[in-house]
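Computation of the quantities below employed the complete heavy-atom set of this structure, encompassing side-chain atoms and omitting hydrogens, waters and symmetry-equivalent molecules.
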Amino acid sequence: MRGAFAALLAGGALAVAAVPAAAATYTSTLIADGLNNPRGLAFDSNGDLFIAEAGYVQLGGPSTIIRGNEAVLGYTGSITRVTSGGVQQRILTELPSLGTVATGEMSGPQDIAFTADGTGYVVIGLGTNPAVRSTDLSPGGDGLGVVFRFTGSPNGFADIAAVEAAENPAGGPVDSNPYPMVALGNELLVTDAGANALLKVGEDGSVGVVAYFPGRFIGPPVPFSDSVSTGIAVGPDGNYYVSELTGFPFKEGAARIYQVTPGGDVSIFADGFTNITDIAFRPNGDLYVLEFDDNGLATAGGTGQISVLKANGWRKTLYSGLVAPTGLEVGPDGSLYVTNFAAMAGIGQVLRIDMVPEPASWAMMIAGFGLVGAAVRRRRMATA
């Protein structure tokens, strides 16, 4: 937390310091339901909400083995739109998906982004060595690990997984699973949770590595844990911010958020989180952090939650009780939007999270309005 970014966030902190942190609660409203493994979210310029659905297991297609389990290629991925008027509809179906038969784990449409020119893109996951796309999963495997353009002329646009196959920037086993995505003007930034890398997609569909995130020891029983890069957001300072899930043993408090300069320099921005799946900035610079499980995936119990982080290191949990949340977005209305039950088919949701002042705060606000009104009346009398 440094430089102009720290100064900007400090200004935001001063703006909210007059209201005690405990003077508000947060409530949720159901925005969409019946979703199949919903993942990332994005709003277009009309204020419509678009939801990436990874799909559900579809038997009968070519398959491969991932971590000892059979995973089958299908076409159950989709994109759902919720209009600003509240109408929910799947606008694009039969997108590539890869489902693990034994567990129901899905890779498919992972996230959505709209570039400055209004073009919509969806990134499709993979979760294994890209080589199987042309062997075990042929034909059709080439639709995994890529970015598709879905507005204008829908087509395959950029092959993210090919970079891992060719370069393996973080080292270790070759594995690609493109996950979240964000627009950068008319370009895209994509994190690859399998490759532990941040990539940039140019307007022409070219893909290059911006940075990679090496693994480290986070605790027994394993000597080395992958970073597992997840959320990506562009900060008010123009730098890129990347969160991590961390690998096994998914230790509580081990997840970090990295700051990446456009030139690729990486530094630790914040730590002490657990299994982060997404991050999002407000225009005032507040950073919101979505944690999949607050006590670690390998520990029983736990819950998904949203926290806010300010430049001086102050953080607060705003909302908890989520179940397997993966995508987080700040809407044009200033509310937070999050995918809930995001690792389940048929019951996935999108919730809107809003701040609700507590009764004492309402009383203070009303009293404040009364003081303002009294001051205005006194000024009018003095003028008269």
Whether the side chain of [X] engages the backbone of [Y] through a donor-acceptor N/O pair (distance < 3.5 Å, no angle test) should be reported.
{"X": "Asp226", "Y": "Val228", "answer": "no"}
{"X": "Asp278", "Y": "Leu328", "answer": "yes"}
{"X": "Asp136", "Y": "Pro62", "answer": "no"}
{"X": "Gln88", "Y": "Asp33", "answer": "yes"}
{"X": "Ser84", "Y": "Asp48", "answer": "no"}
{"X": "Asn37", "Y": "Gly55", "answer": "yes"}
{"X": "Asp293", "Y": "Gly302", "answer": "no"}
{"X": "Arg39", "Y": "Pro109", "answer": "no"}
{"X": "Ser229", "Y": "Thr191", "answer": "no"}

Test side-chain contact (heavy atoms from CB on, under 4.5 Å), reference Ile257, set Asp271, Ile279, Thr230, output is Ile279

Ignoring hydrogens and angles, state whether a donor on the side chain of [X] or [Y] is under 3.5 Å from an acceptor on the partner side chain.
{"X": "Asp286", "Y": "Asn284", "value": "yes"}
{"X": "Ser335", "Y": "Asp354", "value": "yes"}
{"X": "Glu53", "Y": "Thr80", "value": "yes"}
{"X": "Ser97", "Y": "Thr76", "value": "yes"}
{"X": "Asp192", "Y": "Ser176", "value": "yes"}

Show the numbers, then the answer: is there a side-chain contact (heavy atoms from CB on, under 4.5 Å) between Thr277 and Leu245?
CA-CA 6 Å; Thr277 48; Leu245 184 78; 4.1 Å; yes

Tabulate below the donor-acceptor pairs under 3.5 Å that side-chain atoms of residues 122-135 make, not counting sequence neighbours, or state none.
residue : atom : partner : partner atom : Å
Asn129  : OD1  : Ala131  : N            : 2.9
Arg133  : NE   : Pro130  : O            : 3.4
Arg133  : NH1  : Leu144  : O            : 2.8
Arg133  : NH1  : Asp159  : OD1          : 3.0
Arg133  : NH2  : Asp159  : OD1          : 3.3
Arg133  : NH2  : Asp159  : OD2          : 3.2
Ser134  : OG   : Ala131  : O            : 3.3
Thr135  : OG1  : Ala131  : O            : 3.2

Taking only residues two or more places apart in sequence or in another chain, which ones pass ring-ring contact (aromatic ring centres under 6.0 Å, His included) with [X]?
{"X": "Phe217", "result": "none"}
{"X": "Phe50", "result": "Phe114"}
{"X": "Tyr56", "result": "none"}

Glu252: salt bridge (charged side-chain N to carboxylate O under 4.0 Å, His left out) partners, not counting sequence neighbours:
none

Output every pair passing side-chain hydrogen bond (donor to acceptor under 3.5 Å, both in side chains) with a member in residues 160-172, not counting sequence neighbours, ordered by first then second residue.
none

Is the shortest heavy-atom distance from the side chain of Val146 to the side chain of Ile160 under 4.5 Å?
no

A side-chain contact here means heavy atoms from C-beta on lying under 4.5 Å apart; do Val242 and Phe269 qualify?
no

Worked check of side-chain contact (heavy atoms from CB on, under 4.5 Å) between Ile306 and Tyr26
CA-CA 10 Å; Ile306 301 172; Tyr26 285 77; over 6 Å; no

Considering residues at least two apart in sequence or located in another chain, which fulfil the side-chain contact (heavy atoms from CB on, under 4.5 Å) criterion with [X]?
{"X": "Asn69", "value": "Thr100, Ala102, Thr103"}
{"X": "Glu329", "value": "Leu41, Phe43"}
{"X": "Phe248", "value": "Pro221, Val222, Phe250, Ala298"}

Residue that, paired with Arg149, satisfies side-chain hydrogen bond (donor to acceptor under 3.5 Å, both in side chains) out of Thr119, Asn155, Thr115:
Asn155

Applying ring pair (Phe, Tyr, Trp, His ring centres under 6.0 Å) as the test, list every pair that has at least one member in residues 58-111; sequence neighbours left out.
none

With sequence neighbours left out, which residue pairs that include part of residues 157-181 fulfil the ring pair (Phe, Tyr, Trp, His ring centres under 6.0 Å) condition?
Tyr121-Phe157

Linking Ile, Leu, Val, Met, Phe, Trp and Tyr through side-chain heavy atoms less than 4.5 Å apart, which residues share a cluster with Ile65?
none

Give the ring-plane orientation class for Phe281 versus Tyr241, where under 30° counts as parallel, over 60° as perpendicular and anything between as tilted.
perpendicular

Has Arg315 got its NZ or CZ under 6.0 Å from the middle of the six-membered ring of Phe273, at an angle within 45 degrees of the ring axis?
yes

CG (Leu188) and NZ (Lys200) are apart, to the nearest 0.5 Å, by 10.5 Å

